[in-house]
Amino acid sequence: MRIAEPGAQGGKVFFSSGLPPEQARRVEARPLDVGFFSARLPRGGTFRFRNAGGAPDAVVLPDGYPGVLSGLVASVQSPQQIYGWIFMTDKVGAEEFSEEDRQVLGIHAGQVGRVYENGRLYAEAERRAAELQSEVAERLRAQADIQRLNDELEQRVAERTAELELVVSDLDAFNYSVSHDLRSPLAVIDGFSRKILADQGEVLSPTSLRMLGSVLNNAGKMAQLIDGLLAFSRLGRKPVVKRRLDMGALAAEAVSDLCADDESRRAVFHLGPLLPADGDVVLLREVWANLLSNALKYSGKHPQPRIEIDCMATHGEQVYSVKDNGADFDMQDYGRLFGAFQRLHPSQEFPGSGIGLTLVQRIVNRHGGRVWAEGRPGEGATFYFSLPSAQDSDGQD
C-alpha cells in the first residue's frame with residue numbers, strides 16, 4: 001500500500017507499507033497523467049483494477065518491482081479538490097480486491113479527505129485571523145494617532161482661545177482709553193477753540209483765525225476717526241440676531257435719514273423692488289446707511305446726482321446694488337477699497353473716516369455674504385453685496 005499526493009511531476013509518495021525497505025526507498029515521484037491511470041485518477045473516486053501481465057510500470061512503479069496483478073485505488077478528496085490517492089496492490093490470499101474492499105477503502109479515504117479539508121480550512125482561518133489581527137492593530141494605531149492629533153488640536157485651541165481672550169481684554173481696555181482718555185481732551189480742545197472764536201474772533205488776525213479754524217477742523221477729523229475705531233471694535237463682539245427683514249423698507253429708511261438737509265435733497269434716488277432677507281436689522285441698517293451715504297457723498301459734485309438701488313437673485317443668493325453717477329475709482333486700487341482707513345480720494349475733496357466700507361464688508365461677511373464694487377471712468381461706481389437666499393436660510397446665526 002502507498003499513499004501519494006499530487007505533485008508537479010506526478011505522485012509524491014509519503015508513506016509505503018508492505019515493501020522491503022530498499023524497494024520502498026525507490027518509490028519516488030512518478031508521472032500520473034500517462035498510462036494506466038491517466039484517465040481515472042483526475043476524476044477521483046475509488047476503483048479496482050487488474051494488471052494483465054503484472055508489469056510494474058503499468059501501475060506507476062519503477063522497473064525491478066515485483067509484478068502487480070491487481071490493485072485498488074481511492075482518491076483522498078473533499079467536494080473542493082483532490083488531495084491525493086491511496087494505492088493498494090495484490091491482496092493477500094486472494095486474486096483481486098472485492099467490491100466490499102473498494103467500499104471500505106472509499107470510506108477511509110473519505111475520512112482522510114475530511115482531515116485534509118479541515119486542515120486546509122484551519123490554515124485558511126489562521127491566515128485570515130492573522131490578517132484581521134494585523135488590520136485591528138493598524139486601526140488601533142490609526143485611532144491612537146487620531147486621538148493624539150485631537151488632543152494636540154484641543155490644546156492648541158485652548159491656547160489660542162486664551163490668547164484671543166487676552167486680545168479682547170486688551171481691546172476693551174483700548175476702547176475705554178479711546179472713549180475717555182482721547183475723547184475728553186479732544187472735547188476740551190474743540191470747546192476752548194470755539195469759545196476763543198466766539199469771544200475773541202473779532203480781534204484775532206486773519207492768520208490766527210485760519211489757525212484756529214484748522215484746529216477745529218482737525219479736531220473734527222479726530223472725532224470721526226475715534227467714532228470709526230469704536231464702531232469697528234464693537235462690531236466683532238455684537239451677536240448676529242437674524243430675522244426676516246423687509247430690505248426695501250430698510251433702504252428707504254436710510255434714504256429718508258440722508259435727505260434731511262437741503263444739499264441731500266438735490267439727489268434723485270431710484271429704489272427698485274428689493275427681495276426680503278434674513279439678517280440682523282441693526283447691522284444691515286448700518287450697511288445701507290454706509291453705502292448710501294458714500295454714494296451721496298461721491299455724487300454730490302455732479303450737477304444732477306442720481307443713486308439707483310436694485311436687487312437680483314442668482315445661484316442661491318440675493319445681490320443688492322447701490323449705483324451712483326459721481327466720482328469713480330481706479331480698479332488698480334481695488335485692493336485698498338475695503339481696507340480700514342484706506343482712502344482712494346483726498347480727504348479735502350471727500351471727507352470721512354475711511355472706515356465705512358470696512359464695516360460694510362465685515363457685516364456682510366458675518367451674514368455669510370460677500371461685497372465687491374465696480375468703477376467706470378466718467379460713470380461713477382456701483383457697490384454690491386450679497387446675502388444667502390431667504391428661503392435657504394434657517395434664520396440662525
Side-chain angles (χ1 to χ4, degrees), residues 240 242-261 263-331 333-338 344-345 350 352 355-393 395:
V240 178
K242 292 184 180 180
R243 62 183 178 86
R244 186 60 53 87
L245 301 177
D246 183 344
M247 294 292 273
L250 272 183
E253 179 184 340
V255 170
S256 177
D257 292 341
L258 289 173
C259 294
D261 58 80
E263 182 65 21
S264 300
R265 293 194 186 99
R266 292 192 311 110
V268 175
F269 289 87
H270 174 75
L271 179 59
L274 303 184
L275 294 169
D278 290 326
D280 187 294
V281 61
V282 175
L283 294 178
L284 290 182
R285 181 184 287 123
E286 185 75 13
V287 168
W288 285 117
N290 277 285
L291 289 179
L292 291 173
S293 63
N294 258 17
L296 185 62
K297 177 172 62 177
Y298 286 104
S299 63
K301 296 184 179 182
H302 194 281
Q304 295 179 324
R306 179 177 176 84
I307 299 170
E308 299 177 8
I309 307 163
D310 214 337
C311 174
M312 63 181 295
T314 175
H315 303 301
E317 63 180 4
Q318 298 160 189
V319 178
Y320 303 89
S321 62
V322 176
K323 179 181 180 181
D324 65 68
N325 61 349
D328 57 77
F329 61 88
D330 191 337
M331 290 297 288
D333 297 326
Y334 186 84
R336 298 167 47 212
L337 191 61
F338 296 98
L344 304 188
H345 300 278
F350 297 103
I355 199 70
L357 291 180
T358 306
L359 289 173
V360 168
Q361 186 181 57
R362 290 291 180 89
I363 292 172
V364 173
N365 287 348
R366 293 190 68 190
H367 281 75
R370 54 198 178 95
V371 181
W372 68 101
E374 295 176 355
R376 298 182 180 87
E379 297 183 18
T382 305
F383 284 82
Y384 304 89
F385 71 94
S386 70
L387 297 173
S389 296
Q391 61 268 26
D392 295 333
S393 173

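We number each residue from 1, following the sequence as shown.
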Mind telling me whether W288 and Y320 have parallel, tilted or perpendicular rings, with 30° and 60° as the class edges?
perpendicular
Non-hydrogen side-chain atoms of S293 and L258 separated by less than 4.5 Å:
yes
Min side-chain heavy-atom separation L292-V255 under 4.5 Å
yes
Here the gap from D246 atom CG to L275 atom CG, rounded to the nearest 0.5 Å, amounts to 10.5 Å
For D278, is there an ion pair with K242 - N to carboxylate O distance below 4.0 angstrom?
no
Might you point out which heavy atoms bring D280 and L283 nearest each other, and give the distance in Å?
OD1-N, 3.1 Å
Report yes or no: do N290 and E286 form a side-chain donor-acceptor pair below 3.5 Å?
yes
For A295 and V322, which heavy atoms make the closest approach, and how far apart are they?
CB-CG1, 3.9 Å
Give a yes or no answer on whether the side chain of Q318 reaches the backbone of P276 with a donor-acceptor pair at less than 3.5 Å.
yes
To the nearest 0.5 Å, what is the distance between OH (Y384) and CE (M312)?
9.0 Å
Under-4.0 Å salt bridge between E317 and R370
yes
Which residues pass the side-chain contact (heavy atoms from CB on, under 4.5 Å) test with R306, sequence neighbours left out?
V268, H270, E308, N325
Within-4.5 Å side-chain heavy-atom neighbours: S299 and I307
yes
